[in-house]
Amino acid sequence: MSERPQFRTATPEDYIMAERQSATKNEFMNGRVMGRSGSDRQHNLLVSNTAIGVGSRLHGHKAEIYIGNMRVKLQNTFICYPDIVFVNGEPSFADQAADLLLNPTIVVEIFSNETDSNDKTKKLESFLALASINECLLIKQDEMRVEHYAKQNQKQWIYRIYNERDDVISLDAIGCKISLQEIYAGVKARSATLTSNAVN
């Protein structure tokens, strides 16, 4: 979920054209193209554990999972690469290239103490503003803590914090459950300290 500080300006069309030819991944926000940093072992384990844990329970369910490389178009001229994206039903794309998703159902992002809090807040606000997104998971890399946002209606979300190994998260939008024990398998994360600050 962290970005490198350098950026350049571009139009959304120029960004997409350049990104399709680029060997690196960049995100786009309000005319700025921002390079993404690489991911370490802990980050990758959290992504794979979550994707495998949920994916293994999707038998017979018409949902697709995209891991790390799917561009997602959000509101406020924001295009990003969530760590995991789930689509319930038929995916919708910007064009026939099928590489710019318009209707994610659930997004999952890994964050750490090094994640810029302003970037995290802006990204979360953009996730919650997109009509198709019903749930959002923010998974803490440095400690055992998952923040779960579940939509009730367009202006109301239920916010839950999970911070115990036996806690089970229900992803109702795709009819699946996953425990923190599964998410943090093999990951060295300290016990979470609860704070009233949800997104910073």
Identify the two heavy atoms, one from [X] and one from [Y], that lie closest to each other, and give their separation to 0.1 Å.
X    : Y    : value
A173 : E135 : N-OE2, 2.7 Å
S132 : P104 : OG-O, 2.7 Å
L45  : G186 : CD1-O, 3.5 Å
N103 : L101 : OD1-CD1, 3.4 Å
P82  : V72  : CD-CG2, 3.7 Å
R20  : A97  : NH2-CB, 3.5 Å

State whether the side chain of [X] and the backbone N or O of [Y] hold a donor-acceptor pair below 3.5 Å, judged by distance alone.
X    : Y    : result
R57  : G53  : yes
R160 : Y149 : no
K151 : L128 : no
N49  : A185 : yes
S112 : E114 : yes

[Y] side chain reached by [X] side chain, heavy atoms, under 4.5 Å:
X    : Y    : value
L58  : C176 : yes
D83  : I67  : no
S179 : Y184 : no
M34  : N26  : no
Q141 : L46  : yes
Y162 : H148 : yes
L102 : F93  : no
Y66  : V87  : yes

Pairwise distance [atom1]([X]) to [atom2]([Y]) - rounded to 0.5 angstrom:
X    : Y    : atom1 : atom2 : answer
I110 : N44  : CD1   : CG    : 9.5 Å
N163 : L180 : CG    : CG    : 8.0 Å
Y15  : E27  : OH    : CD    : 6.5 Å
I106 : T50  : CD1   : OG1   : 11.5 Å
N30  : T77  : CG    : OG1   : 3.5 Å
I161 : K140 : CD1   : NZ    : 10.5 Å

Determine, using the 4.5 Å side-chain heavy-atom cutoff (strictly less than), whether I133 and Y159 are members of one ILVMFWY cluster.
yes

Is it possible for you to say whether I139 and I52 belong to one hydrophobic cluster, with membership spreading through side-chain heavy-atom contacts below 4.5 Å?
no

Evaluation steps, side chain to side chain contact (heavy atoms under 4.5 Å, CB included), between I169 and L137:
CA-CA 10 Å; I169 302 167; L137 285 184; 4.0 Å; yes

Flag for [Y]-[X]: side-chain donor and acceptor within less than 3.5 Å:
X    : Y    : result
N113 : E143 : no
Y81  : R71  : yes
N134 : T105 : no

Full working for side chain to side chain contact (heavy atoms under 4.5 Å, CB included) between F78 and K122
CA-CA 10 Å; F78 189 9; K122 287 180 179 178; 5.6 Å; no

Taking it one step at a time, do S22 and E19 satisfy side-chain hydrogen bond (donor to acceptor under 3.5 Å, both in side chains)?
CA-CA 5 Å; S22 176; E19 197 70 3; 4.7 Å; no

One thing to verify: whether [Y] and [X] come together as a salt bridge, which I'm taking to mean a side-chain N less than 4.0 angstrom from a carboxylate O.
X    : Y    : result
R145 : E147 : yes
K62  : E90  : yes
K73  : D95  : no

Verdict with reasoning, E109 to K120, per salt bridge (charged side-chain N to carboxylate O under 4.0 Å, His left out):
CA-CA 9 Å; E109 282 279 78; K120 180 186 173 189; over 6 Å; no

Taking only residues two or more places apart in sequence, or in another chain, which ones meet E13 in a salt bridge (Lys or Arg N to Asp or Glu O under 4.0 Å)?
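Here no residue qualifies.
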
Check the pair D40, K188 against salt bridge (charged side-chain N to carboxylate O under 4.0 Å, His left out), reporting the backbone distance first and the verdict last.
CA-CA 13 Å; D40 62 13; K188 294 180 180 178; over 6 Å; no

